[in-house]
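One structure is given here, and the rest of the page talks about it.
It should be emphasised that the depicted structure is a prediction, and the values quoted were computed from it without experimental measurement. Below, chain A is the first sequence line, B the second, and so on; all start at residue 1.
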Number of protein chains: 2
Amino acid sequence: MQNKQHKFRQHLVRSGLKATRQRELIARAFFATNTHISAEALYRRVSGRDRRIGLVTVYRTLKLLKEAGLAHERQFGEGRALFEHASSDRHHDHMICSHCGKIVEFENCEIEALQEEVARRLGFTIQYHKLELYGRCKDCRADASGGTGRIRAVGAR
Amino acid sequence: MQNKQHKFRQHLVRSGLKATRQRELIARAFFATNTHISAEALYRRVSGRDRRIGLVTVYRTLKLLKEAGLAHERQFGEGRALFEHASSDRHHDHMICSHCGKIVEFENCEIEALQEEVARRLGFTIQYHKLELYGRCKDCRADASGGTGRIRAVGAR
DNA sequence: AATGAAATTGACAATCAATATCACTTTCAA
DNA sequence: TTGAAAGTGATATTGATTGTCAATTTCATT
């Protein structure tokens, strides 16, 4: 969206940074996604438009997008980070299909409230949290291909 | 505990693996811990007893302990994995002090129940989940050393 | 439009945790 | 005791990400 592109440029200006062709392109490609995407995958997309852009610049631009409050970095079970739009300003958690990798966002105030209560009992003040549910989505429950899928289990139950 | 050591040996036998001096030592050192420990840190401990043991063997033995159901691997905000005893058979989640790194385990059935509800609404079947609360513990709230501490934020709120 | 200081880029090296390789050593059933 | 199979440890390798640095680009100012 033009809106986000504009916000990004504003952030650059305010931070005394420069609006370059690469940043413009990478940001545009990122905003064009509607799912969680890895730096590598984003790189492949922009690479299609301009072969000269390097993966390193994609990493750097994603970092800038985070600083601008336009992207969130998520570490799910896998090795690499995934980036999502920070557009929906509300906090949300994630439900991830351990078979096909589908990611669904959700929010639940009751859970958040209970978290606060737990923290209070433990003498903590919550700064942020991470809630990820892993399981099978409707589609993947249908086909009984028992494999473990793309996302590895991480020792919870 | 002798009990766990025995269970580990049983797992080895049942899997057609061999009970070696190194495995014995590493497992003993692991069971002697009472907190979450990294492979590297465990290596340093056994290294104190027997300089000849390699880090690689520690990694391999921790993997065996996981397979034996005696250890859980956790990926918190940091880069490296931490391992904990799987003794308390019940599932639990973690509250982590973002300043001093202290880790407290807790369990909350209400949250679990709500998670199930959320998943059902989304058409998912939960296989496992990950809930981590990050914040300041009592002690670290006291001293106002505003730093971000050892554990990095991961873009949640 | 030209200038030039400061920022940016991209190729490559480096890091860091974890895993693979492989020659040598140890275990353990027979 | 023995020998096949498993295990070990030094080292190399991986894969994601970050650091380095010479060459290039931006952009406020001329």
Side-chain angles (χ1 to χ4, degrees), chain A residues 8-27 29 36-44 46-47 49-68 71 73-83 150-155, chain B residues 8-27 29 36-44 46-47 49-68 71 73-83 150-155:
Chain A
F8 183 45
R9 221 172 291 148
Q10 280 207 323
H11 170 74
L12 293 178
V13 171
R14 248 175 305 179
S15 309
L17 305 175
K18 291 173 180 172
T20 67
R21 180 177 48 80
Q22 291 92 329
R23 286 174 178 169
E24 198 77 13
L25 218 89
I26 293 167
H36 295 66
I37 191 168
S38 68
E40 182 73 35
L42 185 59
Y43 166 65
R44 282 196 297 273
V46 296
S47 217
R49 301 264 173 227
D50 185 338
R51 190 52 55 87
R52 293 169 300 172
I53 290 182
L55 171 59
V56 183
T57 302
V58 173
Y59 272 107
R60 285 191 282 230
T61 305
L62 280 168
K63 183 179 281 187
L64 290 176
L65 285 165
K66 278 196 294 177
E67 286 167 16
E73 181 176 352
R74 305 283 181 188
Q75 289 288 347
F76 295 129
E78 321 150 47
R80 66 189 183 289
L82 295 183
F83 297 83
R150 290 193 289 161
I151 295 184
R152 222 177 355 142
V154 284
Chain B
F8 183 44
R9 221 172 292 148
Q10 281 207 323
H11 171 73
L12 293 177
V13 171
R14 248 175 307 180
S15 308
L17 306 174
K18 291 174 180 172
T20 67
R21 179 177 49 82
Q22 290 92 330
R23 286 175 179 169
E24 197 78 11
L25 217 91
I26 294 167
H36 296 65
I37 191 168
S38 68
E40 182 73 34
L42 185 58
Y43 166 66
R44 282 195 297 273
V46 297
S47 220
R49 302 263 172 227
D50 184 341
R51 190 54 54 85
R52 292 170 300 173
I53 290 182
L55 172 60
V56 183
T57 303
V58 173
Y59 272 109
R60 284 190 282 228
T61 305
L62 280 168
K63 182 179 282 187
L64 290 176
L65 285 165
K66 280 196 294 177
E67 286 168 16
E73 182 176 350
R74 306 283 181 189
Q75 289 287 348
F76 296 128
E78 322 150 47
R80 67 188 182 291
L82 295 183
F83 296 84
R150 291 194 290 160
I151 297 184
R152 219 176 359 139
V154 284

Tabulate protein N/O versus nucleotide N/O from nucleotides 20-24 of chain C, keeping only pairs under 3.5 Å, one per line.
none

Identify all pairs in which a protein N or O lies below 3.5 Å from an N or O of nucleotides 27-30 of chain C, and state each distance.
unit_1: dT27(C); atom_1: O2; unit_2: Lys18(B); atom_2: NZ; d: 2.7
unit_1: dC28(C); atom_1: OP1; unit_2: Ala19(B); atom_2: N; d: 3.0

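Here dT8(C) presents its C1' atom at 12 Å from CD1 of Ile53(A), a figure rounded to the nearest Å. The nearest whole Å value for the distance from the CG atom in Leu55(A) to the P atom in dG15(D) is 14 Å. Atom CD of Glu24(A) is separated from atom C1' of dT8(C) by 15 Å (rounded to the nearest Å).
The side-chain contact (heavy atoms from CB on, under 4.5 Å) test with Ser15(A) is passed by exactly one of Leu12(A), Leu17(A), Val13(A): Leu17(A). Considering Leu64(A), Leu65(A), Ile53(A), Thr57(A) as possible partners of Arg23(A), the one that fulfils the side-chain contact (heavy atoms from CB on, under 4.5 Å) test is Leu64(A).
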Original post:
What do the steps show when you test Phe8(A) against Thr61(A) for side-chain contact (heavy atoms from CB on, under 4.5 Å), and what is the final call?
Top reply: CA-CA 10 Å; Phe8(A) 183 45; Thr61(A) 305; 4.0 Å; yes

Subject >> Criterion side-chain contact (heavy atoms from CB on, under 4.5 Å) on Lys66(B) and Leu62(B), from CA distance to verdict >> reply: CA-CA 6 Å; Lys66(B) 280 196 294 177; Leu62(B) 280 168; 5.9 Å; no

**OP:** Report the C-alpha separation of Asp50(B) and Val46(B) in whole Å, then their side-chain angles, then the decisive distance to 0.1 Å, and conclude whether the side-chain contact (heavy atoms from CB on, under 4.5 Å) test is met.
**Re:** CA-CA 6 Å; Asp50(B) 184 341; Val46(B) 297; over 6 Å; no

Original post:
Are Glu73(B) and Lys63(B) close enough, and set up right, to give a side-chain contact (heavy atoms from CB on, under 4.5 Å), and what steps lead you there?
Top reply: CA-CA 9 Å; Glu73(B) 182 176 350; Lys63(B) 182 179 282 187; over 6 Å; no

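Regarding contacts with the backbone of dT18(D), every side-chain N or O of Tyr59(A) stays at 4.0 angstrom or more from both OP1 and OP2. Here Thr57(A) does not reach the OP1 or OP2 of dT9(C): none of its side-chain N or O atoms lies under 4.0 Å away.
For the atom pair CD (Gln22(B)) and CZ (Arg60(B)), the distance works out to 9.5 Å, reported to the nearest 0.5 Å.
Toward the 5′ end of DNA chain C lies the nearest nucleotide of Gly54(A), the other residue of the pair Leu82(B) and Gly54(A) mapping further downstream. Of the two residues near DNA chain D, Gly16(B) and Arg52(B), the one whose nearest nucleotide lies more 5' is Gly16(B).
Around the CZ atom of Arg49(B), the shell of radius 6.0 Å holds no more than 12 heavy atoms that belong to other residues, nucleotides or ligands.
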